[in-house]
Trainee: 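Below you'll find the structure I mean.
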Amino acid sequence: MNSMRKSNRWLVGVVGVLVTSVLFLVPFAFVFTMAAKTSPDAALLEFSWPAQFQLWDNVVDVFQARDYMLIIAFINSTILTISSVALMVVLGAMVAYVLARRRSRLNPLINALVLAGLIIPPAVVPTIWVMQSLGLFKTLPGLILIEVAFGLSFTILVMRAFIATIPREIDEAAIVDGAGPLQLFFRVIFPLLRSVIVTIVVVQAIFVFNDFQNPLYFLPGDQNATVQLTLFNFQSQFVTSYNLLFANILIITVPMLILYLVFQRQIVAGMTAGAVKG
């Protein structure tokens, strides 16, 4: 009976891996082959091997388009991603620590607001009005604050579940040794969050780096372009260079794909740490 269960689990696991591989590899293969075709060949939008393989030429054309706009976009996206994720981690950890350790009548309200941040969609026009009144519209710091605001709820929920598994005796021992609130958090608690921090960093970095909507609305302009907005360089109302478009997609996909593949075990461990320990 046990051997049958093990064989069934093994079969289910193999099927799951195969299905996941197909769902990922087939679209990636389509993007790769399209990125390596000539413009007339790519215009057919057929899933076939290129008659003339010119991936390198297409990649060079993508980087040179509109005065090397893609390089500027990579710089903007890198600054946006690093700054946003760093603020999410620090602020999210601080809020999660307070919610997990201090019980008050405001906790249900704060929890409701955190959940509302995940459920309620953002309102674009009122947000633009607020940013204009603060002088942050069309600025990178303004977009950083937008990304932090939209990603903070997920960060708080994940970190709060993990912090709840840390024994309170650690806090008490640090207080007895003379640690103040900031020392207690940054020197004692924060280092213990390393696994969940890796999860937050990778997940939110992929989300921010691949964000298309927020830069489009809140950071218009060629000099402010992020990598996702460079996709507009090769499509218009009447003409679309599909080979360059897919080459651009391939270029901006590779960095986050590598990041995910390198840290995929840490992502799973961090997401399940609170549930396993609890």
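For this chain, numbers begin at 1 and follow the sequence in order. If you're wondering where the values come from, they're calculated on a predicted model, not measured in any experiment.
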Trainee: Okay, side chain of N111, backbone of N107: is any donor-acceptor separation there less than 3.5 Å?
Mentor: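 Yes.
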
Trainee: Tell me, do N58 and L250 make a side-chain contact under 4.5 Å, heavy atoms counted?
Mentor: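 A side-chain contact under 4.5 Å is absent here.
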
Trainee: Other members of the hydrophobic cluster containing I72, with the 4.5 Å side-chain heavy-atom rule, please.
Mentor: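 Its cluster partners, ordered by chain and number, are none at all.
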
Trainee: Can you pull the salt bridge (Lys or Arg N to Asp or Glu O under 4.0 Å) pairs that have at least one residue in residues 177-197, sequence neighbours excluded?
Mentor: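 Qualifying pairs: none.
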
Trainee: Enumerate donor-acceptor pairs with a distance under 3.5 Å from any side-chain N or O in residues 112-123 to protein atoms, sequence neighbours excluded.
Mentor:
none

Trainee: Can you list every salt bridge (Lys or Arg N to Asp or Glu O under 4.0 Å) pair that touches residues 88-110, not counting sequence neighbours?
Mentor: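 The answer is R101-D171.
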
Trainee: Within this structure, what is the CG-CD1 distance for the pair L244 and I251, rounded to the nearest 0.5 Å?
Mentor: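 The distance works out to 9.5 Å.
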
Trainee: To check you understand the geometry: which heavy-atom pair defines the closest contact between A100 and R168, and what is its length?
Mentor: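 Distance-wise, the nearest heavy atoms are O-NH2, 3.3 Å.
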
Trainee: Identify the two heavy atoms, one from A51 and one from D41, that lie closest to each other, and give their separation to 0.1 Å.
Mentor: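 Residues A51 and D41, closest heavy atoms: N-OD2, 3.4 Å.
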
Trainee: What pairs of donor and acceptor atoms, side-chain ones from residues 62-69 against any protein atom, are under 3.5 angstrom apart with sequence neighbours left out?
Mentor:
from : atom 1 : to   : atom 2 : distance (Å)
R66  : NH1    : N233 : OD1    : 3.0
R66  : NH2    : D222 : OD1    : 3.1
R66  : NH2    : D222 : OD2    : 2.6

Trainee: Sort and list the pairs that fulfil ring-ring contact (aromatic ring centres under 6.0 Å, His included) and have at least one residue in residues 76-123, not counting sequence neighbours.
Mentor: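 Non-adjacent pairs meeting ring-ring contact (aromatic ring centres under 6.0 Å, His included): Y97-F185.
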
Trainee: Please go through W56's hydrophobic cluster and name the other residues, only I, L, V, M, F, W, Y counting, with side-chain heavy atoms under 4.5 Å joining them.
Mentor: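 In the cluster with W56 are V60.
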
Trainee: Using a side-chain heavy atom cutoff under 4.5 Å and only I, L, V, M, F, W and Y, what cluster partners does V98 have?
Mentor: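 When side chains under 4.5 Å apart are linked, V98 ends up in no cluster with other residues.
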
Trainee: Kindly indicate whether the side chain of I252, heavy atoms from C-beta on, has any atom under 4.5 Å from the side chain of L231.
Mentor: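 With C-beta onward as the side chain, the pair touches.
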
Trainee: Establish whether L44 and F53 are linked, either directly or via other cluster members, by ILVMFWY side-chain heavy-atom contacts under 4.5 Å.
Mentor: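 No, L44 and F53 fall in different hydrophobic clusters.
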
Trainee: Supply the atom-to-atom distance T38 OG1 to D57 CG, rounded to the nearest 0.5 angstrom.
Mentor: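 One gets 11.0 Å once the value is rounded to the nearest 0.5 Å.
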
Trainee: Hydrophobic clustering (ILVMFWY, side-chain heavy atoms < 4.5 Å, transitive) - are V254 and V59 grouped together?
Mentor: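 Yes, because V59 and V254 connect within a single hydrophobic cluster, where side-chain heavy atoms sit under 4.5 Å apart.
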
Trainee: Can you give the donor-acceptor pairs under 3.5 Å from side chains of residues 203-220 to other protein atoms, not counting sequence neighbours?
Mentor:
from : atom 1 : to   : atom 2 : distance (Å)
Q204 : NE2    : G151 : O      : 2.9
Q204 : NE2    : T155 : OG1    : 3.4
N210 : OD1    : Q228 : NE2    : 3.3
N210 : ND2    : I206 : O      : 3.2
D211 : OD1    : Q213 : N      : 3.3
D211 : OD2    : N214 : ND2    : 2.7

Trainee: Check for a donor-acceptor pair, side chain of N76 on one end and backbone N or O of A225 on the other, with a separation under 3.5 Å.
Mentor: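 Such a contact is found between N76 side chain and A225 backbone.
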
Trainee: Check whether any side-chain heavy atom of I166 sits under 4.5 Å from a side-chain heavy atom of L193, and report yes or no.
Mentor: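 Yes. Closest side-chain heavy atoms under 4.5 Å.
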
Trainee: Give me the atom names and distance for the closest heavy-atom approach of N224 to K138.
Mentor: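 Closest heavy-atom pair between N224 and K138: ND2-O, 3.6 Å.
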
Trainee: Linking I/L/V/M/F/W/Y whenever their side-chain heavy atoms sit closer than 4.5 Å, directly or via other members, would W49 and Y242 fall into one cluster?
Mentor: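 As far as the 4.5 Å side-chain criterion goes, Y242 and W49 are connected within one cluster.
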
Trainee: What pairs of donor and acceptor atoms, side-chain ones from residues 79-92 against any protein atom, are under 3.5 angstrom apart with sequence neighbours left out?
Mentor:
from : atom 1 : to  : atom 2 : distance (Å)
T81  : OG1    : S77 : O      : 2.7
S83  : OG     : I79 : O      : 2.9
S84  : OG     : L80 : O      : 2.7

Trainee: Pairs of donor and acceptor atoms involving the side chains of residues 24-35, under 3.5 Å and at least two apart or interchain, shall be tabulated with distances.
Mentor:
from : atom 1 : to  : atom 2 : distance (Å)
T33  : OG1    : A29 : O      : 3.0
T33  : OG1    : F30 : O      : 3.0

Trainee: Sequence neighbours left out, what pairs pass ring-ring contact (aromatic ring centres under 6.0 Å, His included) with at least one residue falling in residues 110-139?
Mentor: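 Every candidate ring-ring contact (aromatic ring centres under 6.0 Å, His included) pair involving residues 110-139 fails, so no pair, neighbours aside, qualifies.
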
Trainee: Working to the nearest 0.5 Å, report the span between OG1 of T230 and CG of N248.
Mentor: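 It is 3.5 Å, given to the nearest 0.5 Å.
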
Trainee: Side-chain heavy atoms under 4.5 angstrom apart, residues restricted to Ile, Leu, Val, Met, Phe, Trp, Tyr: same cluster for I163 and L182?
Mentor: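 Yes: a chain of side-chain contacts under 4.5 Å links I163 to L182.
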
Trainee: Nearest 0.5 Å, please: how far is OG1 in T226 from CD1 in I75?
Mentor: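 One gets 13.0 Å once the value is rounded to the nearest 0.5 Å.
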
Trainee: Kindly give the heavy-atom pair with the smallest separation between V188 and A174, and that separation in Å.
Mentor: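 Closest approach of V188 to A174: CG2-CB, 3.9 Å.
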
Trainee: Can you find a heavy atom in the side chain of F234 that is under 4.5 Å from one in the side chain of N243?
Mentor: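 F234 does not reach N243 side chain to side chain.
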
Trainee: Can you hop from L245 to F47 via hydrophobic side chains spaced under 4.5 Å?
Mentor: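 Yes; tracing contacts between hydrophobic side chains, which count when under 4.5 Å, links both residues.
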
